[in-house]
2 protein chains.
Amino acid sequence: MTLQGRQLKVNYAYLQIAEEIETQILDGKLKPGDRLPGEVELAQMFGVTRSTVREGLRQLEADGLVHRPTPRRLEVAEPQTDKLTTRSSRAMTMMKVSFRDLWQVAMVTEPLAAELAAQCRTEEELDDLSALHDRLCRARGIAEMIELDMQFHSAIAEMSKNQVLILARDPITRMLFSGFQRVAPAAPNAARRQAEAHGAVLDHIAAGDAEGARDWARRHIEDFRRAIDLAGLMEDTPF
Amino acid sequence: MTLQGRQLKVNYAYLQIAEEIETQILDGKLKPGDRLPGEVELAQMFGVTRSTVREGLRQLEADGLVHRPTPRRLEVAEPQTDKLTTRSSRAMTMMKVSFRDLWQVAMVTEPLAAELAAQCRTEEELDDLSALHDRLCRARGIAEMIELDMQFHSAIAEMSKNQVLILARDPITRMLFSGFQRVAPAAPNAARRQAEAHGAVLDHIAAGDAEGARDWARRHIEDFRRAIDLAGLMEDTPF
DNA sequence: GGGCAATTATTGTCAGACAAACCGACATTA
DNA sequence: TAATGTCGGTTTGTCTGACAATAATTGCCC
(Lines give C-alpha, C1' and ligand atoms only; values in the text may rest on other atoms or scores of the structure.)
Protein backbone atom coordinates (compact mmCIF):
# COMPACT_ATOMS: atom_id res chain seq x y z
CA MET A 1 0.00 0.00 0.00
CA THR A 2 1.53 3.24 -1.08
CA LEU A 3 1.21 6.36 0.93
CA GLN A 4 -1.90 8.23 -0.08
CA GLY A 5 -1.08 11.85 -0.69
CA ARG A 6 -4.47 13.38 -0.32
CA GLN A 7 -4.37 16.95 -1.44
CA LEU A 8 -4.71 18.71 1.85
CA LYS A 9 -6.26 22.06 1.50
CA VAL A 10 -5.11 24.94 3.57
CA ASN A 11 -8.11 26.43 5.16
CA TYR A 12 -7.95 30.15 4.90
CA ALA A 13 -9.67 32.10 7.59
CA TYR A 14 -12.40 33.40 5.33
CA LEU A 15 -13.21 29.89 4.19
CA GLN A 16 -13.36 28.57 7.71
CA ILE A 17 -15.80 31.28 8.61
CA ALA A 18 -17.98 30.47 5.63
CA GLU A 19 -17.86 26.77 6.44
CA GLU A 20 -18.64 27.29 10.08
CA ILE A 21 -21.70 29.34 9.33
CA GLU A 22 -22.69 26.97 6.55
CA THR A 23 -22.67 23.93 8.78
CA GLN A 24 -24.63 25.73 11.43
CA ILE A 25 -27.25 26.51 8.85
CA LEU A 26 -27.37 23.02 7.38
CA ASP A 27 -27.51 21.46 10.84
CA GLY A 28 -30.52 23.56 11.54
CA LYS A 29 -28.92 25.51 14.36
CA LEU A 30 -29.60 28.56 12.25
CA LYS A 31 -32.96 28.60 10.54
CA PRO A 32 -34.08 30.59 7.51
CA GLY A 33 -35.01 34.06 8.61
CA ASP A 34 -32.68 34.06 11.60
CA ARG A 35 -30.70 37.22 11.89
CA LEU A 36 -26.94 37.12 12.08
CA PRO A 37 -24.76 39.47 14.12
CA GLY A 38 -23.11 42.48 12.52
CA GLU A 39 -19.76 42.23 10.85
CA VAL A 40 -17.78 43.68 13.74
CA GLU A 41 -19.32 41.27 16.17
CA LEU A 42 -18.70 38.34 13.85
CA ALA A 43 -15.15 39.53 13.45
CA GLN A 44 -14.43 39.43 17.14
CA MET A 45 -16.36 36.19 17.55
CA PHE A 46 -14.05 34.50 15.09
CA GLY A 47 -11.04 36.53 16.13
CA VAL A 48 -10.33 37.98 12.71
CA THR A 49 -10.64 41.28 10.92
CA ARG A 50 -13.79 42.61 9.43
CA SER A 51 -12.32 42.30 5.94
CA THR A 52 -11.85 38.61 6.46
CA VAL A 53 -15.38 38.16 7.72
CA ARG A 54 -16.66 40.05 4.73
CA GLU A 55 -14.93 37.76 2.28
CA GLY A 56 -16.52 34.80 3.97
CA LEU A 57 -19.92 36.43 3.92
CA ARG A 58 -19.60 37.21 0.24
CA GLN A 59 -19.18 33.51 -0.40
CA LEU A 60 -22.19 32.57 1.64
CA GLU A 61 -24.13 35.28 -0.08
CA ALA A 62 -23.23 33.92 -3.49
CA ASP A 63 -24.10 30.45 -2.26
CA GLY A 64 -27.54 31.72 -1.42
CA LEU A 65 -27.22 30.62 2.19
CA VAL A 66 -27.49 34.10 3.62
CA HIS A 67 -28.83 37.27 2.15
CA ARG A 68 -29.26 40.92 2.92
CA PRO A 69 -32.73 42.35 2.44
CA THR A 70 -31.06 45.62 3.27
CA PRO A 71 -27.35 46.22 3.81
CA ARG A 72 -27.63 46.04 7.54
CA ARG A 73 -29.85 43.04 7.84
CA LEU A 74 -27.92 39.84 7.36
CA GLU A 75 -30.08 36.78 7.68
CA VAL A 76 -30.19 33.13 6.84
CA ALA A 77 -31.89 32.78 3.48
CA GLU A 78 -34.56 30.32 2.57
CA PRO A 79 -33.61 27.91 -0.17
CA GLN A 80 -34.51 29.71 -3.34
CA THR A 81 -35.17 27.97 -6.57
CA ASP A 82 -34.38 30.85 -8.84
CA LYS A 83 -30.78 31.22 -7.74
CA LEU A 84 -30.13 27.58 -8.43
CA THR A 85 -31.89 27.89 -11.74
CA THR A 86 -29.61 30.72 -12.75
CA ARG A 87 -26.62 28.67 -11.85
CA SER A 88 -27.77 25.61 -13.73
CA SER A 89 -28.64 27.65 -16.76
CA ARG A 90 -25.21 29.17 -16.69
CA ALA A 91 -23.58 25.79 -16.51
CA MET A 92 -25.69 24.56 -19.40
CA THR A 93 -24.83 27.62 -21.43
CA MET A 94 -21.16 27.05 -20.88
CA MET A 95 -21.46 23.38 -21.71
CA LYS A 96 -23.21 24.37 -24.91
CA VAL A 97 -25.93 21.81 -24.42
CA SER A 98 -27.92 20.99 -27.51
CA PHE A 99 -31.58 21.47 -28.14
CA ARG A 100 -31.94 17.74 -28.33
CA ASP A 101 -30.55 17.28 -24.83
CA LEU A 102 -32.98 19.78 -23.39
CA TRP A 103 -35.88 18.37 -25.29
CA GLN A 104 -35.19 14.78 -24.34
CA VAL A 105 -35.33 15.64 -20.67
CA ALA A 106 -38.34 17.92 -20.97
CA MET A 107 -39.99 14.99 -22.69
CA VAL A 108 -40.07 13.16 -19.37
CA THR A 109 -40.36 16.00 -16.87
CA GLU A 110 -43.35 17.76 -18.34
CA PRO A 111 -45.56 14.69 -18.63
CA LEU A 112 -44.64 13.76 -15.08
CA ALA A 113 -45.55 17.22 -13.88
CA ALA A 114 -48.92 17.01 -15.61
CA GLU A 115 -49.57 13.56 -14.22
CA LEU A 116 -48.84 14.58 -10.66
CA ALA A 117 -50.74 17.82 -11.05
CA ALA A 118 -53.82 15.90 -12.07
CA GLN A 119 -53.54 13.94 -8.85
CA CYS A 120 -53.32 16.73 -6.36
CA ARG A 121 -54.63 19.89 -7.91
CA THR A 122 -56.80 22.25 -5.91
CA GLU A 123 -59.71 24.27 -7.19
CA GLU A 124 -57.83 27.51 -6.73
CA GLU A 125 -54.86 26.30 -8.71
CA LEU A 126 -57.19 25.13 -11.45
CA ASP A 127 -58.71 28.58 -11.69
CA ASP A 128 -55.29 30.17 -11.96
CA LEU A 129 -54.22 27.73 -14.61
CA SER A 130 -57.38 28.30 -16.52
CA ALA A 131 -56.90 32.05 -16.38
CA LEU A 132 -53.37 31.60 -17.66
CA HIS A 133 -54.68 29.52 -20.52
CA ASP A 134 -57.17 32.20 -21.47
CA ARG A 135 -54.53 34.86 -21.48
CA LEU A 136 -52.38 32.65 -23.66
CA CYS A 137 -55.18 32.14 -26.15
CA ARG A 138 -55.66 35.86 -26.47
CA ALA A 139 -51.96 36.66 -26.61
CA ARG A 140 -50.49 38.39 -29.63
CA GLY A 141 -46.82 38.40 -30.39
CA ILE A 142 -44.42 35.54 -30.16
CA ALA A 143 -42.42 36.73 -27.19
CA GLU A 144 -45.53 37.13 -25.08
CA MET A 145 -46.84 33.75 -26.08
CA ILE A 146 -43.64 32.01 -25.20
CA GLU A 147 -43.48 33.72 -21.86
CA LEU A 148 -47.03 32.67 -21.06
CA ASP A 149 -46.42 29.19 -22.34
CA MET A 150 -43.55 28.84 -19.94
CA GLN A 151 -45.67 30.14 -17.11
CA PHE A 152 -48.33 27.61 -17.97
CA HIS A 153 -45.84 24.80 -17.69
CA SER A 154 -44.39 26.16 -14.48
CA ALA A 155 -47.83 26.46 -12.97
CA ILE A 156 -48.46 22.81 -13.69
CA ALA A 157 -45.15 21.89 -12.14
CA GLU A 158 -46.05 23.85 -9.02
CA MET A 159 -49.31 21.98 -8.83
CA SER A 160 -47.43 18.72 -8.67
CA LYS A 161 -46.19 19.82 -5.23
CA ASN A 162 -43.02 17.89 -5.98
CA GLN A 163 -40.16 20.15 -4.95
CA VAL A 164 -37.57 17.95 -6.59
CA LEU A 165 -39.33 18.04 -9.91
CA ILE A 166 -39.83 21.77 -9.67
CA LEU A 167 -36.18 22.29 -8.93
CA ALA A 168 -34.97 20.00 -11.68
CA ARG A 169 -37.17 21.09 -14.52
CA ASP A 170 -37.05 24.81 -14.03
CA PRO A 171 -33.68 25.55 -15.63
CA ILE A 172 -34.39 23.07 -18.38
CA THR A 173 -37.70 24.46 -19.52
CA ARG A 174 -36.43 27.96 -19.09
CA MET A 175 -33.62 27.33 -21.53
CA LEU A 176 -35.77 25.35 -23.87
CA PHE A 177 -38.37 28.07 -24.12
CA SER A 178 -35.91 30.86 -24.43
CA GLY A 179 -34.26 28.96 -27.22
CA PHE A 180 -37.63 28.38 -28.77
CA GLN A 181 -37.90 32.07 -29.54
CA ARG A 182 -35.53 31.59 -32.40
CA VAL A 183 -37.58 28.74 -33.75
CA ALA A 184 -41.13 29.88 -33.33
CA PRO A 185 -41.35 32.08 -36.42
CA ALA A 186 -40.63 29.04 -38.55
CA ALA A 187 -43.60 27.13 -37.16
CA PRO A 188 -46.66 28.71 -38.68
CA ASN A 189 -49.57 26.92 -37.06
CA ALA A 190 -47.77 26.10 -33.84
CA ALA A 191 -50.00 28.48 -31.97
CA ARG A 192 -53.17 26.60 -32.78
CA ARG A 193 -51.72 23.22 -31.91
CA GLN A 194 -50.32 24.65 -28.72
CA ALA A 195 -53.65 26.08 -27.65
CA GLU A 196 -55.27 22.76 -28.38
CA ALA A 197 -52.74 20.78 -26.38
CA HIS A 198 -52.84 23.17 -23.46
CA GLY A 199 -56.60 22.99 -23.42
CA ALA A 200 -56.50 19.21 -23.38
CA VAL A 201 -53.93 19.08 -20.60
CA LEU A 202 -55.95 21.55 -18.61
CA ASP A 203 -59.13 19.53 -19.03
CA HIS A 204 -57.51 16.28 -18.01
CA ILE A 205 -55.90 17.87 -14.97
CA ALA A 206 -59.26 19.34 -14.03
CA ALA A 207 -60.88 15.93 -14.41
CA GLY A 208 -58.18 14.35 -12.29
CA ASP A 209 -57.25 12.09 -15.19
CA ALA A 210 -53.54 11.61 -14.59
CA GLU A 211 -52.85 9.41 -17.58
CA GLY A 212 -54.71 11.66 -19.97
CA ALA A 213 -52.86 14.69 -18.70
CA ARG A 214 -49.55 12.90 -19.04
CA ASP A 215 -50.23 11.75 -22.58
CA TRP A 216 -51.33 15.15 -23.76
CA ALA A 217 -48.32 16.77 -22.16
CA ARG A 218 -46.11 14.32 -23.95
CA ARG A 219 -47.79 15.05 -27.22
CA HIS A 220 -47.37 18.73 -26.60
CA ILE A 221 -43.63 18.42 -26.07
CA GLU A 222 -43.39 16.20 -29.10
CA ASP A 223 -44.92 19.00 -31.14
CA PHE A 224 -42.21 21.15 -29.81
CA ARG A 225 -39.65 18.93 -31.40
CA ARG A 226 -41.37 19.13 -34.71
CA ALA A 227 -40.98 22.89 -34.67
CA ILE A 228 -37.34 22.63 -33.74
CA ASP A 229 -36.72 20.02 -36.39
CA LEU A 230 -38.40 22.22 -38.94
CA ALA A 231 -35.92 24.94 -38.16
CA GLY A 232 -33.11 22.39 -38.39
CA LEU A 233 -31.89 23.35 -34.97
CA MET A 234 -31.95 20.01 -33.23
CA GLU A 235 -28.21 19.61 -33.16
CA ASP A 236 -27.48 23.23 -32.62
CA THR A 237 -26.76 24.98 -29.35
CA PRO A 238 -29.37 27.25 -27.87
CA PHE A 239 -28.60 30.72 -26.58
CA MET B 1 -53.75 50.55 -11.44
CA THR B 2 -51.64 50.56 -8.32
CA LEU B 3 -48.09 51.83 -8.33
CA GLN B 4 -45.62 49.11 -9.11
CA GLY B 5 -42.83 49.18 -6.55
CA ARG B 6 -40.11 47.19 -8.19
CA GLN B 7 -37.35 46.47 -5.73
CA LEU B 8 -34.55 48.61 -7.03
CA LYS B 9 -31.13 47.35 -6.16
CA VAL B 10 -28.16 49.55 -5.62
CA ASN B 11 -25.20 48.16 -7.37
CA TYR B 12 -22.26 48.07 -5.07
CA ALA B 13 -18.83 48.19 -6.56
CA TYR B 14 -17.94 44.63 -5.65
CA LEU B 15 -21.13 43.39 -7.29
CA GLN B 16 -20.48 45.34 -10.43
CA ILE B 17 -17.05 43.82 -10.66
CA ALA B 18 -18.45 40.33 -10.24
CA GLU B 19 -21.12 41.00 -12.84
CA GLU B 20 -18.69 42.48 -15.29
CA ILE B 21 -16.40 39.49 -15.13
CA GLU B 22 -19.36 37.14 -15.18
CA THR B 23 -20.77 38.55 -18.38
CA GLN B 24 -17.39 38.45 -20.03
CA ILE B 25 -17.19 34.78 -19.18
CA LEU B 26 -20.71 33.95 -20.30
CA ASP B 27 -20.27 35.90 -23.51
CA GLY B 28 -17.27 33.79 -24.26
CA LYS B 29 -14.79 36.65 -24.18
CA LEU B 30 -13.12 34.78 -21.39
CA LYS B 31 -12.85 31.05 -21.88
CA PRO B 32 -12.36 28.31 -19.30
CA GLY B 33 -8.69 28.07 -18.46
CA ASP B 34 -7.97 31.71 -19.28
CA ARG B 35 -5.89 33.39 -16.67
CA LEU B 36 -7.08 36.56 -15.01
CA PRO B 37 -4.87 39.46 -13.92
CA GLY B 38 -3.75 39.80 -10.33
CA GLU B 39 -5.80 41.58 -7.76
CA VAL B 40 -3.85 44.83 -7.85
CA GLU B 41 -4.14 45.05 -11.58
CA LEU B 42 -7.85 44.29 -11.46
CA ALA B 43 -8.21 46.92 -8.77
CA GLN B 44 -6.74 49.66 -10.91
CA MET B 45 -8.56 48.41 -13.99
CA PHE B 46 -11.87 48.89 -12.22
CA GLY B 47 -10.68 51.90 -10.26
CA VAL B 48 -11.33 50.45 -6.83
CA THR B 49 -9.38 49.04 -3.94
CA ARG B 50 -8.02 45.59 -3.69
CA SER B 51 -10.45 44.77 -0.87
CA THR B 52 -13.36 45.57 -3.13
CA VAL B 53 -11.99 43.44 -5.91
CA ARG B 54 -11.48 40.60 -3.49
CA GLU B 55 -15.07 40.63 -2.36
CA GLY B 56 -16.19 40.41 -5.94
CA LEU B 57 -13.80 37.58 -6.63
CA ARG B 58 -15.02 35.66 -3.62
CA GLN B 59 -18.49 35.76 -5.12
CA LEU B 60 -17.34 34.53 -8.47
CA GLU B 61 -15.36 31.84 -6.74
CA ALA B 62 -18.41 30.63 -4.85
CA ASP B 63 -20.37 30.77 -8.09
CA GLY B 64 -17.84 28.42 -9.59
CA LEU B 65 -17.08 30.79 -12.42
CA VAL B 66 -13.45 31.29 -11.50
CA HIS B 67 -11.16 29.22 -9.37
CA ARG B 68 -7.66 29.21 -7.98
CA PRO B 69 -5.60 26.08 -8.51
CA THR B 70 -3.06 27.84 -6.34
CA PRO B 71 -3.58 31.13 -4.52
CA ARG B 72 -1.80 33.12 -7.17
CA ARG B 73 -3.36 31.59 -10.21
CA LEU B 74 -6.81 32.94 -10.86
CA GLU B 75 -8.47 31.45 -13.87
CA VAL B 76 -11.82 30.98 -15.49
CA ALA B 77 -13.24 27.66 -14.33
CA GLU B 78 -14.89 25.06 -16.46
CA PRO B 79 -18.48 24.34 -15.63
CA GLN B 80 -18.36 21.67 -12.99
CA THR B 81 -21.22 19.37 -12.28
CA ASP B 82 -20.25 18.49 -8.76
CA LYS B 83 -20.41 21.99 -7.43
CA LEU B 84 -23.91 22.36 -8.77
CA THR B 85 -24.85 19.02 -7.34
CA THR B 86 -23.73 20.14 -3.91
CA ARG B 87 -25.84 23.26 -4.15
CA SER B 88 -28.90 21.39 -5.32
CA SER B 89 -28.54 18.79 -2.62
CA ARG B 90 -28.23 21.51 -0.05
CA ALA B 91 -31.36 23.18 -1.29
CA MET B 92 -33.22 19.90 -1.23
CA THR B 93 -32.03 19.19 2.27
CA MET B 94 -33.25 22.54 3.45
CA MET B 95 -36.55 22.10 1.69
CA LYS B 96 -36.91 18.76 3.44
CA VAL B 97 -37.96 17.01 0.28
CA SER B 98 -39.63 13.68 0.77
CA PHE B 99 -38.50 10.31 -0.40
CA ARG B 100 -41.55 10.18 -2.60
CA ASP B 101 -40.54 13.37 -4.39
CA LEU B 102 -37.09 12.02 -5.11
CA TRP B 103 -38.38 8.67 -6.18
CA GLN B 104 -41.01 10.05 -8.50
CA VAL B 105 -38.42 11.99 -10.44
CA ALA B 106 -35.88 9.19 -10.47
CA MET B 107 -38.67 7.08 -11.88
CA VAL B 108 -38.44 9.07 -15.11
CA THR B 109 -34.78 10.07 -15.23
CA GLU B 110 -33.25 6.64 -14.78
CA PRO B 111 -35.27 4.91 -17.48
CA LEU B 112 -34.48 7.77 -19.83
CA ALA B 113 -30.80 7.45 -19.08
CA ALA B 114 -30.89 3.73 -19.80
CA GLU B 115 -32.82 4.27 -23.00
CA LEU B 116 -30.38 6.84 -24.33
CA ALA B 117 -27.40 4.83 -23.18
CA ALA B 118 -28.62 1.87 -25.21
CA GLN B 119 -28.67 4.10 -28.25
CA CYS B 120 -25.19 5.51 -28.13
CA ARG B 121 -23.02 3.28 -25.99
CA THR B 122 -19.47 2.51 -27.01
CA GLU B 123 -17.64 -0.75 -26.50
CA GLU B 124 -15.31 0.80 -23.99
CA GLU B 125 -18.14 2.17 -21.90
CA LEU B 126 -19.82 -1.22 -21.98
CA ASP B 127 -16.71 -2.86 -20.62
CA ASP B 128 -16.52 -0.35 -17.80
CA LEU B 129 -20.15 -0.81 -16.95
CA SER B 130 -19.77 -4.55 -17.01
CA ALA B 131 -16.78 -4.34 -14.68
CA LEU B 132 -18.79 -2.19 -12.33
CA HIS B 133 -21.56 -4.74 -12.35
CA ASP B 134 -19.15 -7.53 -11.49
CA ARG B 135 -17.75 -5.57 -8.60
CA LEU B 136 -21.24 -4.91 -7.39
CA CYS B 137 -22.14 -8.59 -7.50
CA ARG B 138 -19.15 -9.44 -5.38
CA ALA B 139 -19.59 -6.58 -2.97
CA ARG B 140 -20.17 -7.24 0.70
CA GLY B 141 -21.55 -4.70 3.06
CA ILE B 142 -24.44 -2.40 2.49
CA ALA B 143 -22.53 0.86 2.28
CA GLU B 144 -20.25 -0.49 -0.43
CA MET B 145 -23.15 -1.89 -2.39
CA ILE B 146 -25.03 1.35 -2.33
CA GLU B 147 -21.98 3.29 -3.41
CA LEU B 148 -21.43 0.94 -6.33
CA ASP B 149 -25.09 0.95 -7.19
CA MET B 150 -24.97 4.70 -7.47
CA GLN B 151 -21.86 4.51 -9.62
CA PHE B 152 -23.62 2.05 -11.88
CA HIS B 153 -26.47 4.45 -12.40
CA SER B 154 -24.14 7.39 -12.94
CA ALA B 155 -22.16 5.43 -15.48
CA ILE B 156 -25.31 4.77 -17.44
CA ALA B 157 -26.22 8.44 -17.30
CA GLU B 158 -22.79 9.35 -18.62
CA MET B 159 -23.28 6.94 -21.48
CA SER B 160 -26.41 8.82 -22.49
CA LYS B 161 -24.13 11.72 -23.43
CA ASN B 162 -26.96 14.00 -22.47
CA GLN B 163 -25.41 16.77 -20.37
CA VAL B 164 -28.76 18.09 -19.28
CA LEU B 165 -29.87 14.74 -17.99
CA ILE B 166 -26.57 14.18 -16.24
CA LEU B 167 -26.80 17.55 -14.56
CA ALA B 168 -30.40 17.13 -13.52
CA ARG B 169 -30.32 13.61 -12.18
CA ASP B 170 -27.06 13.73 -10.28
CA PRO B 171 -28.24 15.49 -7.13
CA ILE B 172 -31.45 13.51 -7.15
CA THR B 173 -29.97 10.05 -7.30
CA ARG B 174 -27.26 11.07 -4.91
CA MET B 175 -29.80 11.98 -2.29
CA LEU B 176 -31.99 9.03 -3.03
CA PHE B 177 -29.18 6.57 -2.61
CA SER B 178 -27.76 8.18 0.44
CA GLY B 179 -31.20 8.06 1.99
CA PHE B 180 -31.49 4.47 0.93
CA GLN B 181 -28.80 3.52 3.39
CA ARG B 182 -31.31 3.84 6.17
CA VAL B 183 -33.73 1.60 4.33
CA ALA B 184 -31.56 -1.12 2.93
CA PRO B 185 -31.27 -3.24 6.08
CA ALA B 186 -35.03 -3.67 6.07
CA ALA B 187 -35.04 -5.14 2.57
CA PRO B 188 -33.63 -8.63 2.89
CA ASN B 189 -33.49 -9.93 -0.65
CA ALA B 190 -33.04 -6.53 -2.25
CA ALA B 191 -29.51 -7.45 -3.23
CA ARG B 192 -30.58 -10.35 -5.42
CA ARG B 193 -33.30 -8.42 -7.16
CA GLN B 194 -30.91 -5.53 -7.67
CA ALA B 195 -28.26 -7.73 -9.24
CA GLU B 196 -30.89 -9.22 -11.51
CA ALA B 197 -32.20 -5.87 -12.63
CA HIS B 198 -28.75 -4.43 -13.20
CA GLY B 199 -27.82 -7.45 -15.22
CA ALA B 200 -30.89 -7.07 -17.38
CA VAL B 201 -30.32 -3.36 -17.94
CA LEU B 202 -26.72 -4.05 -18.83
CA ASP B 203 -27.70 -6.73 -21.33
CA HIS B 204 -30.28 -4.57 -23.03
CA ILE B 205 -27.90 -1.65 -23.25
CA ALA B 206 -25.27 -3.93 -24.73
CA ALA B 207 -27.78 -5.22 -27.26
CA GLY B 208 -28.77 -1.69 -28.16
CA ASP B 209 -32.34 -2.43 -27.11
CA ALA B 210 -33.46 0.98 -25.89
CA GLU B 211 -36.96 -0.01 -24.90
CA GLY B 212 -35.85 -3.07 -23.01
CA ALA B 213 -33.24 -1.07 -21.15
CA ARG B 214 -35.80 1.56 -20.28
CA ASP B 215 -38.34 -0.94 -19.01
CA TRP B 216 -35.86 -2.78 -16.85
CA ALA B 217 -34.58 0.47 -15.43
CA ARG B 218 -38.11 1.44 -14.57
CA ARG B 219 -38.70 -1.89 -12.90
CA HIS B 220 -35.50 -1.44 -10.96
CA ILE B 221 -36.54 1.92 -9.58
CA GLU B 222 -39.95 0.53 -8.79
CA ASP B 223 -38.28 -2.09 -6.66
CA PHE B 224 -36.62 0.73 -4.91
CA ARG B 225 -39.95 2.05 -3.86
CA ARG B 226 -40.98 -1.27 -2.49
CA ALA B 227 -38.00 -1.23 -0.17
CA ILE B 228 -38.77 2.29 0.94
CA ASP B 229 -42.42 1.47 1.47
CA LEU B 230 -41.43 -1.53 3.51
CA ALA B 231 -39.52 0.71 5.82
CA GLY B 232 -42.48 3.06 5.95
CA LEU B 233 -40.32 5.97 4.90
CA MET B 234 -42.15 7.17 1.84
CA GLU B 235 -43.53 10.28 3.47
CA ASP B 236 -40.51 10.93 5.58
CA THR B 237 -37.64 13.26 4.88
CA PRO B 238 -34.29 11.82 3.92
CA PHE B 239 -31.04 12.96 5.46
C1' DG C 1 19.56 22.37 -21.64
C1' DG C 2 18.07 21.04 -16.97
C1' DG C 3 18.15 21.41 -11.94
C1' DC C 4 18.71 24.45 -8.02
C1' DA C 5 18.85 28.70 -5.29
C1' DA C 6 17.74 33.67 -4.89
C1' DT C 7 14.69 37.30 -5.96
C1' DT C 8 10.34 39.23 -6.87
C1' DA C 9 5.52 39.57 -6.93
C1' DT C 10 1.22 38.40 -5.11
C1' DT C 11 -1.65 36.75 -1.82
C1' DG C 12 -4.09 36.37 2.83
C1' DT C 13 -4.69 38.93 6.68
C1' DC C 14 -4.44 42.75 9.56
C1' DA C 15 -5.34 47.66 11.57
C1' DG C 16 -7.63 51.75 11.23
C1' DA C 17 -10.45 55.32 8.94
C1' DC C 18 -14.47 57.84 6.75
C1' DA C 19 -18.70 59.02 4.40
C1' DA C 20 -23.18 57.37 3.38
C1' DA C 21 -27.13 54.90 4.56
C1' DC C 22 -30.01 52.76 7.52
C1' DC C 23 -32.60 51.98 11.84
C1' DG C 24 -35.01 53.14 15.74
C1' DA C 25 -36.73 56.42 18.63
C1' DC C 26 -38.58 60.65 19.32
C1' DA C 27 -41.17 64.88 18.26
C1' DT C 28 -44.62 66.96 15.35
C1' DT C 29 -48.71 67.51 12.88
C1' DA C 30 -53.33 66.69 11.28
C1' DT D 1 -54.56 58.22 17.09
C1' DA D 2 -52.04 57.62 13.20
C1' DA D 3 -49.20 59.29 9.97
C1' DT D 4 -45.24 62.20 8.95
C1' DG D 5 -40.89 64.63 9.81
C1' DT D 6 -36.42 64.85 12.44
C1' DC D 7 -32.21 63.28 14.62
C1' DG D 8 -28.46 60.53 16.49
C1' DG D 9 -26.22 56.25 16.85
C1' DT D 10 -24.89 52.14 14.06
C1' DT D 11 -23.33 49.59 10.53
C1' DT D 12 -22.08 49.17 6.12
C1' DG D 13 -19.24 49.90 1.73
C1' DT D 14 -15.04 51.42 0.52
C1' DC D 15 -10.49 53.16 1.13
C1' DT D 16 -5.39 53.48 2.66
C1' DG D 17 -1.54 51.29 4.07
C1' DA D 18 1.07 47.54 5.88
C1' DC D 19 3.32 42.82 6.72
C1' DA D 20 4.43 37.90 6.64
C1' DA D 21 4.16 33.82 3.89
C1' DT D 22 4.73 31.72 -0.30
C1' DA D 23 4.27 30.84 -5.25
C1' DA D 24 6.43 32.31 -9.59
C1' DT D 25 10.25 33.78 -12.03
C1' DT D 26 14.77 34.81 -12.71
C1' DG D 27 19.54 33.87 -12.82
C1' DC D 28 23.15 30.73 -11.86
C1' DC D 29 25.68 26.62 -12.09
C1' DC D 30 26.61 22.11 -13.76
Side-chain angles (χ1 to χ4, degrees), chain A residues 5-25 30 32-77 83, chain B residues 2-3 5-25 30 32-77 83:
Chain A
R6 214 172 26 80
Q7 182 72 14
L8 45 86
K9 59 177 171 216
V10 187
N11 259 356
Y12 298 112
Y14 76 95
L15 283 179
Q16 288 183 44
I17 290 170
E19 274 170 30
E20 172 63 20
I21 297 181
E22 172 174 337
T23 57
Q24 292 210 20
I25 292 177
L30 290 169
D34 282 2
R35 194 167 175 181
L36 292 172
E39 296 177 355
V40 259
E41 193 172 336
L42 283 173
Q44 55 200 41
M45 276 175 62
F46 288 106
V48 296
T49 327
R50 200 159 72 93
S51 328
T52 307
V53 167
R54 296 190 115 240
E55 292 186 29
L57 289 180
R58 294 284 104 95
Q59 288 237 165
L60 292 172
E61 227 168 292
D63 278 357
L65 279 169
V66 305
H67 87 260
R68 299 186 195 263
T70 135
R72 19 193 84 181
R73 265 197 93 82
L74 176 67
E75 52 187 44
V76 179
K83 210 153 206 164
Chain B
T2 49
L3 173 62
R6 222 178 10 87
Q7 184 74 14
L8 44 85
K9 63 177 170 217
V10 188
N11 259 358
Y12 298 112
Y14 75 95
L15 282 178
Q16 287 183 45
I17 290 170
E19 273 171 30
E20 172 63 21
I21 298 180
E22 171 175 336
T23 58
Q24 292 210 20
I25 292 177
L30 290 169
D34 282 2
R35 193 166 175 184
L36 292 172
E39 295 176 356
V40 261
E41 195 172 333
L42 283 172
Q44 56 200 42
M45 275 174 62
F46 287 106
V48 295
T49 329
R50 198 159 73 91
S51 332
T52 307
V53 167
R54 295 189 116 240
E55 294 187 29
L57 290 181
R58 294 283 103 95
Q59 287 236 170
L60 292 173
E61 231 167 288
D63 277 356
L65 279 168
V66 305
H67 88 281
R68 299 185 195 264
T70 131
R72 21 194 83 183
R73 264 195 93 83
L74 177 68
E75 53 188 43
V76 179
K83 209 153 207 165

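As the structure is a computational prediction, the values presented were derived from the model and not from experiment. By convention in this document, chain letters (A, B, ...) are assigned in the order of the sequence lines, proteins followed by strands, and residues within each chain are numbered from 1.
Contacts of A/Gln24 classified as side-chain contact (heavy atoms from CB on, under 4.5 Å), with partners at least two apart in sequence or in another chain: A/Glu20, A/Lys29, A/Leu30. Partners of B/Pro71 by side-chain contact (heavy atoms from CB on, under 4.5 Å), not counting sequence neighbours, listed by chain and number: A/Tyr12.
Between A/Arg68 and A/Glu39 there is a salt bridge, since at least one side-chain N of the basic residue sits less than 4.0 Å from a carboxylate O of the acidic one. With respect to the salt-bridge test (charged N to carboxylate O, under 4.0 angstrom), the residues A/Glu75 and A/Arg35 do not qualify.
An OP1 or OP2 oxygen of C/dC23 is reached within less than 4.0 angstrom by a side-chain nitrogen or oxygen of A/Thr70.
Distance A/Leu74 CG to C/dC22 P: 16 Å, rounded to the nearest Å. Rounding to whole angstrom units, CD of residue B/Glu75 and P of C/dT11 are separated by 13 Å. Summarising the geometry, the separation between CD on B/Glu41 and P on C/dA9 is reported as 13 Å, rounded to the nearest angstrom. The distance from atom OH of B/Tyr12 to atom P of D/dT11 is 16 Å, rounded to the nearest whole Å. Between A/Arg72 atom CZ and C/dC23 atom P there is a gap of 7 Å when expressed in whole angstrom units. Residue A/Arg68 contributes atom CZ, which lies 6 Å from atom P of D/dT12 at whole-angstrom precision.
The shortest distance between side-chain heavy atoms of B/Leu65 and B/Ile21 does not fall below 4.5 Å.
Contacts of residues 42-61 of chain A with DNA chain D (heavy atom under 4.0 Å): A/Arg50, A/Arg54, A/Arg58.
Judged by distance alone with a 3.5 Å cut-off, no donor-acceptor contact links the side chain of B/Arg73 to the base of D/dA24.
Side chain of B/Glu61 to backbone of B/Val66: no donor-acceptor contact under 3.5 angstrom is found.
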